[in-house]
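Encoded as structure tokens, the structure appears first; notes follow it.
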Amino acid sequence: MVSREDDSAFAPFGPLAPEQREHMLALGPRWNDDIIANRKAVIDCYTPLVMAAPMDKTRVERELAYGVHPRQVLDVFEPLDTPADTPREAVLFVHGGAFVRGSKSVNGAIYDNVCHWFARQGFVAVNVEYRLADEAPWPGGAQDVASALGWLREHAARWRIDPARIFVIGHSAGGAHAASCLFDPTLADAVRPRDVAGLVLISARLFADVDPRNPNAGPVRAYFGADESRYAERSPLTHAARCDVPVMIAVAEYENRFLDDYGAAFFIELLRHRGVPPRFVQMRGHNHTSIVAHFNSGEEYLGREILAFIASAPR
């Protein structure tokens with residue numbers, strides 16, 4: 001357990017070496033100048049650190065198929081030191097990639113680090129791959145999240161998962177897929193709200209836009225289609241009022257353009273609908289990639305916020 005006295009665990013980029021920390025802090029204000037190159041810089045920075053984190057108390061089963069397509073696979077990270085007779089909570093993580101690229105394990109470290117961290121907290125953590133826009137445009141990604149959730153519920157007993165305590169965490173495009181899976185009326189028959197105990201949206205693409213200032217306008221069009229008149233109805237933000245599960249929203253200070261706006265708009269819509277504000281976290285100093293790449297590096301502010309959100313979800 002990390003205490004608040006350990007400042008590096010809660011300061012932005014605290015566990016990094018001083019020169020790396022300065023590099024990450026300097027990267028933020030120019031994040032959108034070249035998000036591909038800047039993303040690579042973040043991954044290169046964090047990979048050695050998260051690879052050095054303890055992994056000996058986690059068993060990983062990889063490439064388990066939840067569908068017939070080669071990308072419809074997932075990895076399960078199981079904690080080895082939980083009581084044998086106790087049902088376990090689970091998190092299902094859906095990575096990003098601007099709808100047209102990305103992998104659940106970029107280099108054997110990112111995004112395995114997210115699941116390794118949750119497994120260290122006693123969760124069964126599931127890392128989901130899904131089909132990309134070229135083969136599965138809207139709502140293909142959301143359908144894959146629904147299928148992965150169904151598979152996990154079907155196999156919950158194998159990992160002693162409490163099926164009433166499954167939480168979904170989606171980053172970037174993965175957040176769009178997770179939110180659409182739960183809220184879009186087109187997919188209402190795929191997942192029932194009671195199938196999910198809570199949803200965490202990290203830097204999620206919650207509205208489809210092809211604004212020329214959006215660095216991922218092309219990938220958005222590739223997934224949501226050429227007909228821009230349908231973007232609103234296909235956007236998770238439009239269906240926020242249908243959300244009946246606990247939600248946490250996290251954004252970085254330096255986002256891919258507009259994603260922080262959409263996170264705040266989703267927060268406001270949920271507040272208007274429910275009258276009770278959802279948990280909202282802004283990761284100061286962090287960028288669109290480091291907000292997830294930092295998991296299992298020793299910095300734990302966001303992780304601890306998510307644990308508090310999970311603990312607050314009704315049982």
Same cluster or not: are [X] and [Y] linked, directly or through other Ile, Leu, Val, Met, Phe, Trp or Tyr residues, by side-chain heavy atoms under 4.5 angstrom apart?
{"X": "Y262", "Y": "F224", "value": "no"}
{"X": "V114", "Y": "I43", "value": "yes"}
{"X": "V73", "Y": "V145", "value": "no"}
{"X": "L92", "Y": "W159", "value": "yes"}
{"X": "W138", "Y": "F207", "value": "no"}

Short question: side chain of [X], backbone of [Y] - any donor-acceptor pair under 3.5 Å?
{"X": "N38", "Y": "D34", "value": "yes"}
{"X": "R279", "Y": "A250", "value": "no"}
{"X": "N214", "Y": "D209", "value": "yes"}
{"X": "H294", "Y": "I291", "value": "yes"}
{"X": "S312", "Y": "F309", "value": "yes"}
{"X": "H273", "Y": "I268", "value": "no"}
{"X": "Q72", "Y": "H69", "value": "yes"}
{"X": "S235", "Y": "L206", "value": "no"}
{"X": "N107", "Y": "I110", "value": "yes"}
{"X": "E253", "Y": "G285", "value": "yes"}

Heavy-atom side-chain contact between [X] and [Y] under 4.5 Å:
{"X": "P215", "Y": "R257", "answer": "yes"}
{"X": "R21", "Y": "L25", "answer": "yes"}
{"X": "L259", "Y": "D261", "answer": "no"}
{"X": "C45", "Y": "L16", "answer": "yes"}
{"X": "Q121", "Y": "L307", "answer": "yes"}
{"X": "E255", "Y": "S203", "answer": "yes"}
{"X": "F77", "Y": "V124", "answer": "no"}
{"X": "R274", "Y": "D244", "answer": "no"}

R304 vs E300, salt bridge (charged side-chain N to carboxylate O under 4.0 Å, His left out): CA-CA, chis, key distance, verdict: CA-CA 6 Å; R304 296 296 162 186; E300 304 219 344; 2.7 Å; yes
For a side-chain hydrogen bond (donor to acceptor under 3.5 Å, both in side chains) with S172, tell me which candidate from H288, H177, H95, R205 qualifies.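 Exactly one candidate clears the test, H288.
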For the atom pair CZ (R234) and OG (S180), what is the distance rounded to the nearest 0.5 Å?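 So the gap between those two atoms works out to 10.5 Å.
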Roughly how far apart are I202 CD1 and L302 CG, rounded to 0.5 Å?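 One gets 5.0 Å once the value is rounded to the nearest 0.5 Å.
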In plain terms, say whether [X] and [Y] are close enough for a salt bridge, that is, a side-chain N and a carboxylate O under 4.0 Å apart.
{"X": "E63", "Y": "K104", "answer": "yes"}
{"X": "R158", "Y": "E61", "answer": "yes"}
{"X": "R71", "Y": "E135", "answer": "no"}
{"X": "D162", "Y": "R88", "answer": "no"}
{"X": "D112", "Y": "R62", "answer": "yes"}
{"X": "R221", "Y": "E228", "answer": "yes"}

So W117 and F295, would you call those rings parallel, tilted or perpendicular, with 30° and 60° as cut-offs?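 Correct class here is perpendicular.
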Mind telling me whether F99 and Y223 have parallel, tilted or perpendicular rings, with 30° and 60° as the class edges?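 Y223 vs F99 ring planes: parallel.
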Please say which of D195, V76, I161 ends up in a side chain to side chain contact (heavy atoms under 4.5 Å, CB included) with L152.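 Of the listed options, the one satisfying the test is I161.
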Give the C-alpha distance, both sets of side-chain angles, the deciding distance and a yes or no for side-chain contact (heavy atoms from CB on, under 4.5 Å) between V94 and I169. CA-CA 6 Å; V94 191; I169 303 174; over 6 Å; no
Between the side chains of H286 and E299, does any donor sit under 3.5 Å from an acceptor?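 There is such a pair between these side chains.
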Ignoring hydrogens and geometry beyond distance, is a side-chain donor-acceptor pair present between D227 and S229 at under 3.5 Å?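 The answer is yes; a qualifying pair exists.
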Could you go through the ring-ring contact (aromatic ring centres under 6.0 Å, His included) check for F13 and H23 one step at a time? CA-CA 10 Å; F13 311 114; H23 180 51; 9.8 Å; no
Looking at W151 versus Y66, is the centre-to-centre ring distance below 6.0 Å?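 Distance test on ring centres: not under 6.0 Å, no.
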S147/D144 under side chain to side chain donor-acceptor pair (under 3.5 Å): CA gap, chis, key distance, verdict: CA-CA 5 Å; S147 295; D144 283 0; 5.0 Å; no
